[in-house]
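Letters A, B, ... mirror the listed sequences (proteins, then strands); counts begin at 1.
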2 protein chains.
Amino acid sequence: MAYATIRDVAQQAGVSVSTVSRALNDSGRISERTRARINQVIKELHYVPDSRARSMHSPHSRTIGLLIPDIRNSYFADLAYLIQGELLAHGFQTLICTSTQGDSHESRIQVRNLLGQHIDGAIIVPGPRSQETLDELTRRGLPVVYVDRTSGDRRQVDGRPVPSIDSDPLPGLRDAFKDLVKHGHSRITMVPGPLEESGTFREREEVFDDLLNQMDDLQDPTRDVACTRNDTPSKEGAFNPELLRQWRNQGVSAVIFGRSQDAIQVIKACQAIGIGIGRDLSIVTFDDLPVFRILTPAIATISQQIDSMGTRCVRMLLNLMAGSQTDSVRLKTKYLHRASVGQPPGQAGQYP
Amino acid sequence: MAYATIRDVAQQAGVSVSTVSRALNDSGRISERTRARINQVIKELHYVPDSRARSMHSPHSRTIGLLIPDIRNSYFADLAYLIQGELLAHGFQTLICTSTQGDSHESRIQVRNLLGQHIDGAIIVPGPRSQETLDELTRRGLPVVYVDRTSGDRRQVDGRPVPSIDSDPLPGLRDAFKDLVKHGHSRITMVPGPLEESGTFREREEVFDDLLNQMDDLQDPTRDVACTRNDTPSKEGAFNPELLRQWRNQGVSAVIFGRSQDAIQVIKACQAIGIGIGRDLSIVTFDDLPVFRILTPAIATISQQIDSMGTRCVRMLLNLMAGSQTDSVRLKTKYLHRASVGQPPGQAGQYP
DNA sequence: ATGAAAGCGCTAACAT
DNA sequence: ATGTTAGCGCTTTCAT
């Protein structure tokens with residue numbers, strides 16, 4: 001139960017604590033003999049240096065905080081996995097904090113905990129909590145990197161913006177659009193995701209709107225769609241079972257989802273009431289989760305380069321901690337066509 | 001960048017450090033006036049007490065280590081989520097450590113890190129690493145609970161066994177068996193999962209074998225299956241694409257998976273080569289992941305009560321930390337029939 | 001009710 | 001090459 005201390009080791013080895021400390025850190029000169037003796041004792045006593053006491057001297061705790069909305073989402077789980085691995089490779093520990101999306105009380109506690117640990121930096125997926133609590137972190141000039149989402153134009157105490165790494169929805173969204181049009185869809189709508197939660201969802205919606213407008217001159221029918229969207233009862237931007245009926249009434253034949261959870265909801269709902277995905281309704285969603293590949297039909301996705309997101313954000317943070325200026329990064333999204341995109345109903349046989 | 005210290009607060013408030021400390025801990029008597037003044041200064045300075053320095057006095061760090069094999073597995077992600085939430089509710093921080101399953105070097109580092117943090121206890125999903133590294137934790141008499149799997153009959157330094165909470169495969173497996181037989185299957189096999197990784201998989205296999213033997217008197221055909229299994233080239237127990245051909249040759253019409261990953265592999269493989277699940281091949285798998293509900297056909301599962309597993313293991317650990325004897329717990333598994341279980345090919349129309 | 005002083009486990013000057 | 005001494009930020013006697 002009782003942890004052995006450096007003093008126990010010193011005593012047992014018949015040397016002073018500082019000698020043991022030196023042996024621990026390879027600092028200063030030590031005779032091979034005493035070093036061997038000390039290591040011997042360390043083994044015997046199963047001594048492990050107390051990293052807390054250790055970190056009180058250096059300004060570094062070699063611990064990075066990772067704040068993610070919900071680890072149960074496989075997208076974030078992947079991200080966490082990658083980040084923890086990368087950090088470990090650089091000798092840092094990761095303190096993963098997941099908080100229930102909405103619960104600002106809980107997230108406040110989490111942030112407090114992080115701060116209390118005197119973390120060296122933080123990697124954050126900004127959620128709705130951001131504005132309220134994140135200042136607590138950035139205020140002190142703690143190196144922080146935003147991942148997957150940006151969060152307005154938050155600035156650190158020194159006036160520098162918090163660098164972020166996220167993905168540019170345009171390339172993927174554009175190609176998704178093209179693919180849908182190619183398949184004959186003219187009434188396309190979007191379920192962006194909870195708009196109030198992150199600017200990411202808002203941006204996806206805006207880009208979608210822009211694309212619609214650009215198509216305007218070429219594809220008259222899509223015009224209607226823009227109107228369609230305003231009638232949407234889910235102002236929040238998340239999916240809502242009511243939407244299915246509405247789409248049917250308005251002749252919407254394709255939907256793009258800004259958030260995988262919503263897509264999954266729709267897939268379930270469609271299965272329940274017998275709407276054939278890829279036939280009655282074509283869908284595309286952001287985030288290329290493993291699930292989407294094994295569903296029948298497979299779901300077309302707009303993939304974010306999650307691997308490089310994970311590794312690069314760590315690099316960015318380490319850069320920041322080293323004091324160098326670090327710019328925000330946008331990764332390209334990539335559209336992956338799959339069978340969930342088919343022709344609109346009533347056009348069967350028209351197109352290969 | 002610089003964190004405010006208790007001294008800064010004391011100075012600013014014009015009191016001594018000990019007074020501030022008292023205000024922080026609600027210990028001792030303090031006049032309302034100074035307390036208010038101190039809290040005021042704390043706010044102004046954004047002071048957060050250093051939990052490391054704090055925990056050096058009490059023998060408690062109020063931090064629990066959580067060791068899980070792979071956070072990307074939604075089953076473990078769920079578990080981690082539940083556990084972290086429950087611990088937070090009890091005022092504990094969770095240090096989540098995920099390590100690549102096989103990498104014993106990495107897991108050793110992780111364990112070192114945990115130990116260095118002077119964690120108050122640990123919740124562990126024992127993996128292959130167990131035997132080698134877990135002793136490091138239990139040896140000191142650190143309160144440890146095993147979750148989801150047991151790990152041989154490891155004992156702590158005081159001779160007490162490490163309590164574990166896992167699930168009894170029998171109820172679910174028995175019902176799965178019944179259901180398969182009811183649907184007319186007589187050649188059933190199992191892919192238990194990586195046997196060397198955990199006794200859990202071995203147990204599932206053994207229970208499966210027992211069930212086969214029990215059926216022996218009643219159902220002659222299942223006898224063949226027992227033989228089938230021994231020919232299996234994957235001694236490790238994990239799925240292997242070769243198996244599909246083999247099953248076809250041997251007339252295996254139903255497979256039970258001890259591990260969801262293997263089931264997912266098979267589903268993919270079947271899709272690729274056009275084997276119809278629930279028609280050509282019936283499958284059942286452990287772990288009722290969300291994926292299995294939305295696949296078509298939906299996959300029959302043997303569900304573990306993950307929610308109570310998550311909350312109860314925390315209770316067990318807290319109990320242990322409080323010094324009380326704690327027994328191991330086995331939760332019941334439950335079979336959930338879904339469309340992935342149909343009749344064997346060639347018997348269509350025979351059974352409703 | 002508050003302050004002074006000792007000490008938690010460790011590191012980092014200073015000695016020697 | 002090793003020991004002594006002072007802290008790191010905090011809690012906790014023991015005084016006052």
Side-chain angles (χ1 to χ4, degrees), chain A residues 1-39 41-42 45-63 112-120 140, chain B residues 1-39 41-42 45-63 112-120 140:
Chain A
M1 192 64 228
Y3 287 89
T5 77
I6 196 174
R7 221 171 338 244
D8 300 329
V9 177
Q11 210 156 23
Q12 186 76 14
V15 293
S16 77
V17 272
S18 40
T19 310
V20 178
S21 175
R22 273 188 277 263
L24 252 39
N25 301 287
D26 298 313
S27 60
R29 285 158 293 276
I30 295 193
S31 80
E32 259 321 307
R33 232 176 106 247
T34 47
R35 146 167 290 139
R37 171 109 189 83
I38 287 172
N39 284 330
V41 175
I42 285 179
L45 266 47
H46 306 304
Y47 167 73
V48 178
D50 186 334
S51 64
R52 303 166 304 171
R54 220 170 187 182
S55 67
M56 289 188 60
H57 291 270
S58 80
H60 309 300
S61 59
R62 300 208 70 80
T63 300
R112 275 301 156 101
N113 283 342
L114 285 181
L115 248 23
Q117 296 288 343
H118 284 208
I119 51 172
D120 293 343
R140 292 168 177 74
Chain B
M1 191 65 231
Y3 286 89
T5 78
I6 196 175
R7 220 172 337 247
D8 300 330
V9 176
Q11 211 156 22
Q12 187 76 15
V15 294
S16 78
V17 273
S18 34
T19 308
V20 178
S21 176
R22 272 188 278 266
L24 251 39
N25 301 288
D26 298 313
S27 59
R29 285 159 293 278
I30 295 193
S31 79
E32 259 320 309
R33 234 176 107 246
T34 47
R35 147 167 287 138
R37 170 111 189 80
I38 288 171
N39 283 331
V41 174
I42 286 179
L45 265 48
H46 307 303
Y47 168 71
V48 178
D50 186 334
S51 63
R52 303 166 306 171
R54 218 169 189 182
S55 67
M56 288 186 60
H57 290 271
S58 81
H60 309 298
S61 59
R62 299 208 70 78
T63 300
R112 276 301 157 100
N113 282 344
L114 285 182
L115 248 23
Q117 296 288 343
H118 284 208
I119 51 172
D120 294 343
R140 293 170 177 73

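Between B:Y3 and A:L115, the shortest heavy-atom contact is CE2-O, 3.8 Å. Across all their heavy atoms, B:R37 and B:Q12 have their closest contact at NH2-O, 3.2 Å. Shortest non-hydrogen contact noted between B:I6 and B:S21 is CD1-N, 3.8 Å. Between B:R22 and B:R29, the shortest heavy-atom contact is CD-O, 4.5 Å. In terms of heavy atoms, B:S55 sits closest to B:S61 at CB-CA, 3.8 Å. The two atoms that bring B:L45 and B:A4 nearest to each other are O-CB, 3.9 Å, heavy atoms only.
Phosphate proximity of D:dT2 to A:T19: absent, as no side-chain N or O sits under 4.0 Å from OP1 or OP2. Within the structure, every side-chain polar atom (N or O) of A:R52 is placed at least 4.0 Å from both OP1 and OP2 of C:dC8. Within the structure, every side-chain polar atom (N or O) of A:T5 is placed at least 4.0 Å from both OP1 and OP2 of C:dG9. For the pair B:S31 and C:dT2, the criterion of a side-chain N or O lying under 4.0 Å from OP1 or OP2 is met.
In this structure, of C:dG9, C:dT2, C:dA1, it is C:dA1 that holds the atom nearest to the side chain of B:R29. Checked against C:dC10, C:dC8, D:dG9, the side chain of A:D50 finds its nearest nucleotide in C:dC10.
With sequence neighbours left out, B:R35 forms a side chain to side chain contact (heavy atoms under 4.5 Å, CB included) with B:D26, B:I30, B:E32, B:N39.
For the residue pair A:T19 / A:S16, a side-chain donor-acceptor distance below 3.5 Å is found, with atom types taken as modelled. Residues A:R54 and A:N25 have side chains that bring a donor and an acceptor to within less than 3.5 angstrom of each other.
The nearest whole Å value for the distance from the CE atom in A:M56 to the C1' atom in D:dC10 is 7 Å. The distance between atom CG of B:D26 and atom P of D:dC10, rounded to the nearest whole Å, is 16 Å. When the C1' atom of C:dG9 is taken as reference, atom OH of A:Y3 falls 13 Å away, rounded to whole Å. Here the C1' atom of nucleotide C:dT11 and the NE2 atom of A:H60 are 14 Å apart, to the nearest Å. Rounded to whole Å, the distance from CD1 on B:I42 to P on D:dC10 is 10 Å. B:R62 places its CZ atom 18 Å from the P atom of D:dC10, with the value rounded to the nearest Å. Between the C1' atom of D:dT5 and the CZ atom of A:R7 lies a distance of 13 Å, rounded to the nearest Å. As a whole-Å value, the separation of B:R37 CZ from C:dT2 P is 13 Å.
Among the heavy atoms of the strands lying under 4.0 Å from B:T34 are primed sugar atoms or P, OP1, OP2 only; no base atom is included.
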Nucleotide by nucleotide, 5' to 3', does protein get under 4.0 Å of the base (B), only the sugar-phosphate (S), or neither (-) in nucleotides 11-16 of chain D, counting heavy atoms?
BB----
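Fit an axis to the five pairs at each end of the helix from C:dA1-D:dT16 to C:dT16-D:dA1 and the two axes sit 40° apart, to the nearest 10 degrees.
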Kindly determine whether B:V17 and B:T5 satisfy side-chain contact (heavy atoms from CB on, under 4.5 Å), including the steps that lead there.
CA-CA 10 Å; B:V17 273; B:T5 78; over 6 Å; no
